[in-house]
Each structure stands twice: as structure tokens, then as C-alpha cells.
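Read the structure below first, then the notes.
Sequence positions, counted from 1, serve as the residue numbers for this chain. Reckoned from all heavy atoms, side chains included, excluding hydrogens, waters and symmetry mates.
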Amino acid sequence: MQIATLGPSGNNHELIALRYLAKHGQPSTNLHLFEQFEEAFEALVEGRVSHLLQCTAHFAHSDCVGRYMHRAYPVDVFIAGSKPLALVAQRSIATPRHVAIQPATRHYTDLSSFGDIIEAPTTVAVAEGLLAGTFEAGICAEEVINQAPEQLKLVQSLGPALDTWVVYATTQLPATSPLFLNHAPLNEKDNSGTRHHEHYAKPNGFTCDDTKRNSR
């Protein structure tokens with residue numbers, strides 16, 4: 001198993017990919033990090049790696065699903081927690097004016113007290129900006145404080161984010177795979193309920209089916 005995912009080293013994609021490799025008895029050297037997901041997917045479809053790991057909360061997920069449909073297939077899915085996250089700020093700034101975030105973390109806590117929100121590609125980039133003094137505050141792995149305890153302070157612990165992760169390959173799972181849900185038949189009770197909802201009455205006296213016919 002040669003697995004691709006998003007870099008840089010130190011981010012949650014690397015962390016979860018290493019856990020996945022360990023679970024399957026694979027060495028950490030089988031991990032390949034890419035700067036962009038498009039590069040990682042190209043490596044997959046070209047056969048340079050056998051699998052690709054992506055968090056569904058990442059902003060590129062929906063685009064990748066569409067762009068690589070019929071070429072990259074989901075073959076595994078699971079839930080995993082990220083590194084414990086936190087809202088961190090510079091000790092020297094009493095009231096930070098802006099906060100840096102990776103877009104998926106935007107609603108992890110109330111950010112209304114900040115005048116500006118700066119988007120960064122990864123939580124690692126947020127941490128690097130905090131350490132460099134570029135960002136006044138940011139959401140990143142809480143462990144960054146240990147790297148510069150005299151410079152950075154904890155504003156709020158957010159804990160790990162529980163996300164859904166998908167593993168892709170270029171060979172589709174067999175239709176008998178338990179991961180497939182669309183092939184499971186509905187029972188008679190479910191069918192009757194579906195039919196009931198399809199024929200609900202409209203305020204003007206038409207049924208849902210009548211409306212569909214008249215709209216064609």
C-alpha cells in the first residue's frame with residue numbers, strides 16, 4: 001500500500017494516514033505527501049500510489065469527487081480525531097485584531113470578536129504564522145504553544161475534531177461490499193412510506209405527481 005495525502009508534514013492528514021498505515025501493518029515510508037490534492041489524485045490515477053486519503057471536511061473534497069469521478073473510487077471510510085486544536089494568540093497583544101484559520105475550522109468557536117479572518121491552507125500554516133509573528137491569533141494544534149510558551153498563549157482549548165475520512169483507489173469495490181448502501185432493498189413498510197410522501201396533497205388541490213406532470 002502506497003498512500004498519498006495532503007502535506008505538509010505535521011498536519012492532520014499526515015497523522016491519520018500514518019495511523020491508517022499502521023493499522024494495516026504498513027511502514028510509514030509508504031506515505032507520500034503532496035502540496036495540493038489535485039497532485040495527489042493525479043499520482044493515484046497515474047499509478048504512482050495505490051491509495052489516497054482525504055478528509056471530507058477539507059474544502060477541496062467536493063471538487064475532487066467530481067473531477068475524478070469514474071477514475072478514483074472510495075474504497076474505505078472511517079471516523080478519526082485530529083490533534084487537539086486550540087485558539088492561540090500572541091502574548092504581547094492584549095486584543096488581537098485578526099485570526100488565522102484553515103476554512104474547515106471557521107465555526108469551531110465564536111470568532112465574532114475579531115475584525116478580520118485570514119484563511120490559511122492548513123492548520124500547520126496557521127501554526128507557522130503564529131510562530132513567525134505574522135498572525136496575531138489563530139486556530140491550530142494546541143501543541144504549538146509548547147514550541148514558544150513565552151510568545152504564545154492559550155485562548156481556548158477546542159479539543160480534537162472528529163471528521164469522516166475517505167480512502168480512494170482506482171479499482172471500484174465489488175457490489176457485495178458492506179460499504180455499499182444503495183443496493184440494500186427497502187422493506188415494504190419503507191416503500192409504502194415513500195409512496196405516501198410522493199402523493200402528498202398540494203394547497204391548490206394538485207398532488208405532487210400532478211405538479212411534476214404539469215411542470216414538464
Side-chain angles (χ1 to χ4, degrees), residues 3-20 31-43 52-68 77-168:
I3 191 166
T5 196
L6 187 69
S9 180
N11 72 2
N12 285 313
H13 277 83
E14 180 192 44
L15 172 70
I16 303 305
L18 289 173
R19 290 178 182 172
Y20 191 81
L31 175 61
H32 304 267
L33 299 178
F34 292 83
E35 291 186 2
Q36 303 291 335
F37 263 121
E38 185 174 353
E39 298 173 2
F41 272 93
E42 288 297 327
L52 183 148
L53 175 70
Q54 185 178 50
C55 179
T56 61
H58 194 274
F59 62 88
H61 175 66
S62 60
D63 180 68
C64 291
V65 169
R67 185 184 299 270
Y68 295 96
V77 61
F78 56 88
I79 297 170
S82 69
K83 293 180 179 180
L85 301 171
L87 177 58
V88 179
Q90 303 289 341
R91 286 189 178 276
S92 60
I93 302 177
T95 305
R97 295 162 296 178
H98 68 249
V99 60
I101 61 164
Q102 197 278 343
T105 68
R106 178 180 296 271
H107 301 292
Y108 284 7
T109 189
D110 183 9
L111 302 177
S112 60
S113 63
F114 296 97
D116 295 306
I117 295 178
I118 301 172
E119 292 190 353
T122 64
T123 55
V124 172
V126 174
E128 291 173 345
L130 286 168
L131 290 170
T134 305
F135 300 144
E136 297 182 1
I139 294 178
C140 61
E142 187 170 337
E143 65 186 17
V144 70
I145 298 174
N146 297 330
Q147 298 181 43
E150 296 181 356
Q151 174 190 349
L152 303 176
K153 64 181 178 181
L154 174 67
V155 177
Q156 181 184 1
S157 291
L158 302 174
L162 285 178
D163 292 312
T164 305
W165 298 77
V166 180
V167 178
Y168 294 90

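Remark: the backbone N or O of S82 is not paired with any side-chain donor or acceptor of D163 at under 3.5 angstrom. Although no hydrogens or angles enter the test, the distance criterion places no donor-acceptor pair under 3.5 Å between the side chain of Q156 and the main chain of L87. A side-chain donor-acceptor contact under 3.5 Å links Q90 to the backbone of F135. Side chain of E42 to main chain of E38: no donor-acceptor pair is present (N/O by atom type, distance under 3.5 Å, no hydrogens or angles).
Considering all non-hydrogen atoms of both residues, L85 and A161 come closest at CD1-CB, 4.3 Å. Closest approach of L31 and A17 over heavy atoms only: CD1-CB, 3.6 Å. For the pair L152 and R91, the tightest heavy-atom approach, listed with the atom from each and the gap, is O-NE, 3.1 Å. Contact detail for A120 and V126: the closest heavy-atom pair is CB-CG2, 3.7 Å. Nearest heavy atoms, L154 versus A86: CD1-CB, 3.6 Å. Taking both residues in full, the closest heavy atoms of H98 and I118 are given as CD2-CD1, 3.5 Å, listed atom of the first, atom of the second, then distance.
One distance of note links OG1 of T105 with CD1 of I139; it measures 4.0 Å at 0.5 Å rounding. The structure places OG1 of T5 at 6.0 Å from CG of L52, a figure rounded to the nearest 0.5 Å. The structure places NE2 of H61 at 6.0 Å from CD of Q54, a figure rounded to the nearest 0.5 Å. Note that the OG1 atom of T56 and the NE2 atom of H58 stand 11.5 Å from one another [nearest 0.5 Å]. Atom CZ of F41 is separated from atom SG of C64 by 4.5 Å, given to the nearest 0.5 angstrom. Atom OG1 in T122 sits 6.0 Å away from atom CG in N11 (nearest 0.5 Å).
Legend: side-chain hydrogen bond (donor to acceptor under 3.5 Å, both in side chains) pairs involving residues 140-150, not counting sequence neighbours, sorted by first then second residue: K83-E143, E142-S157.
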- Query: Which is it for L130 and C140 under the side-chain contact (heavy atoms from CB on, under 4.5 Å) test, yes or no, and what are the steps along the way?
  - Reply: CA-CA 9 Å; L130 286 168; C140 61; 3.7 Å; yes
- Item | Working for side-chain contact (heavy atoms from CB on, under 4.5 Å), residues F37 and H13 | CA-CA 11 Å; F37 263 121; H13 277 83; 3.4 Å; yes
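Looking at heavy atoms from C-beta onward, L111 lies in side-chain contact with I101 at the 4.5 angstrom threshold.
No side-chain donor-acceptor contact under 3.5 Å links T123 and Q102.
Annotation for Q36: atom CD does not count as buried by contact number, only 12 or fewer foreign heavy atoms lying within 6.0 Å.
Relative orientation of the F78 and W165 rings is parallel, given thresholds of 30° and 60° on the angle between their planes.
Here the two rings, on Y168 and Y68, have centers that are 6.0 Å apart or farther.
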